[in-house]
Structure formats: C-alpha cells, structure tokens
Number of protein chains: 2
Amino acid sequence: MARFLVLLEGPWATLIVRELLHGPHRFTELREALPRISPHTLTSRLRRFEAHGLVVRTAYPEIPPRVEYRLTPLGERLGPVLQAMSDWATSIPDPVRGR
Amino acid sequence: MARFLVLLEGPWATLIVRELLHGPHRFTELREALPRISPHTLTSRLRRFEAHGLVVRTAYPEIPPRVEYRLTPLGERLGPVLQAMSDWATSIPDPVRGR
DNA sequence: CGGCATCCGCTAAGATACTG
DNA sequence: CAGTATCTTAGCGGATGCCG
C-alpha cells in the first residue's frame, strides 16, 4: 500500500502507466498521448518506474534513435487498480466543486 | 479519473479514507489510528474531503467538544479502489529498492 | 478536544533552452 | 528522436505554539 502511494505520486504517474497498459510506447508516443506533459516530467516518472521495476526501457542504437518503454508483469498488474479508480471517478453523480 | 487523482493527492489521503471505511471516527481517533500524522495534515485532508463530498463532519456542541467524521456513500465507494491498491502492493514478490 | 496560524523543507511539475 | 540542464512555482506535509 505504502509502495503504491510512493510510486504513483503525482497526477502524471498513473496516467503514464495507464497509457503503457495499451502496449509499449516510444518516448514521443507517450508525449503525444499525454497532452501538456513536459519532457522533464515524463523522463522523471519513467526513470522512477524503471528503478522500481514497473517499466523496462529498451534503447535501439539506430539512427534516428529509438527507445521503447514497456510495462513489466508487475506494472501490468496495476491495470485493475487503475480500472477501479476510473470506475469510481465516472460513477460520480453530481460533481461537487471544492476547494 | 482526474478527480480521483486530485482528491487523493499525497500519501496520507488514501490512508485516512481507508481508516474511515471502518466506520465514523473522531478527530483524535483518526490521529491515533494514523501514527505520525500531524494535526495540520489531518485537518487539511479532512477539509478537502468535506469540500468534495467524500466526508461529512458533524460537530456536537458538548463539553468537551466532539466531532465526528463519516464517509458519504460516495466516499464509501472508494473501498474497492483502495482494496485494489492494497492487493497490488501485497502481491509484490521481491520489492525493488530504488531512488 | 479539536482544531488554527505560521514557518519551512521537499518534491512534482512547468518553462525554456540545448545536445548526442 | 530522446532526452538533459537550469530555474521557478505550487502544494503536501512536518514542527511548533496558541485558543475556545
């Protein structure tokens, strides 16, 4: 539980994982799939996911360079969790404005 | 989904909801159930939950004062989400140290 | 008992510019 | 293409002290 909270800190983390659940993505593909994310942020999150064994990074030494990010089995097991979040979010009858 | 992310920002938010899933709690009861949380943080999270309709706050004008926090039906529907998180967290075979 | 006020550190994230 | 570097902002959370 604590691990989950640390790993998926910040609004972008879960969105990135969600995107990767659709299959492996290149850096640019992720940027396109996640409007408004900065390369800085994207890199930062991906590096953490890598360090925690959620994602594997594969660099192909080509010209131009190509890098692929793919979920590990551990990362893929996050699917149900994100689905539960999504279910909850879309079940809200009357969005309460707050703050 | 976005709503979920905003609401449950920070490591304490989910833990507080989790505690309230066990039933209504007084302020002090929450503090005891959540070791190390500061009153500042607890108040801050509870106020946000209130503003977003996740929690209702009931103050009893007694001496000494008593305040009860109770999940709304919306808040209670978070149960499955937190369960999914917990399931994932406890399913980790070999915790990877990182960062 | 149940807070609020204030200050402060840490980190997620944005903006911008540049590189192998 | 896939980043890195630097600077800045904003919000969570801890610490301390006071109050009705």
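Below, read A as the first sequence line, B as the second, and so on, with proteins coming before strands; counting in each chain starts at 1.
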Write down the distance between CG (A/Leu46) and C1' (D/dG3), rounded to a whole number of angstrom. 11 Å

Ignoring hydrogens and angles, tell me if any N or O in the side chain of B/His52 forms a donor-acceptor pair with the backbone of B/Glu50 under 3.5 Å. no

Between atom CD in B/Glu62 and atom C1' in C/dC1, what is the gap in whole Å? 11 Å

Atom-to-atom span, CD1 of A/Ile63 to C1' of D/dG3 - whole angstrom: 14 Å

Do you reckon B/Leu15 sits in the same ILVMFWY cluster as B/Leu21, going by side-chain contacts under 4.5 Å, direct or chained? yes

Starting from C1' on D/dA2, measure out to OH on A/Tyr69 and report it in whole angstrom. 7 Å

For A/Arg48 and C/dA13, give me the distance from atom CZ to atom P, rounded to whole Å. 9 Å

Whole-Å gap separating C1' (D/dC12) and CG (A/Leu5): 13 Å

Check whether any side-chain nitrogen or oxygen of A/Arg47 sits under 4.0 Å from OP1 or OP2 of D/dT4, and answer yes or no. yes

Please round to 10 degrees the angle between the axis of the first five pairs and the axis of the last five pairs in the helix from C/dC1-D/dG20 to C/dG20-D/dC1. 50°

Should A/Thr41 be listed as having a side-chain N or O under 4.0 Å from OP1 or OP2 of C/dG14? yes

Both A/Pro39 and A/Trp12 contact DNA chain C. Which one's nearest nucleotide lies toward the 5' end? A/Trp12

Closest to the B/Thr43 side chain: D/dC1, C/dG3, D/dC12? C/dG3

Can you tell me if CZ on A/Arg57 sees more than 12 non-hydrogen neighbours from other groups inside 6.0 Å? yes

Atom NE2 of B/His40 and atom C1' of C/dG9 are separated, to the nearest Å, by 12 Å

Distance-only, no hydrogens or angles: does the B/Trp88 side chain make a donor-acceptor pair with backbone N or O of A/Gly75 under 3.5 Å? no

Per the under-4.0 Å heavy-atom filter, residues of residues 15-38 of chain A near DNA chain D come out as A/Arg26, A/Phe27, A/Thr28

Just how far, in rounded Å, is P of C/dC1 from CG of B/Leu42? 15 Å

Check the phosphate of D/dG13 against B/Arg45, side-chain N and O only, distance under 4.0 Å to OP1 or OP2. Yes or no? yes

Give the minimum heavy-atom separation between A/Ala13 and A/Arg45, together with the two atoms involved. CB-CD, 4.4 Å

When you group the ILVMFWY residues by side-chain heavy-atom contacts below 4.5 Å and let the links chain together, are B/Trp12 and A/Val6 in the same group? no

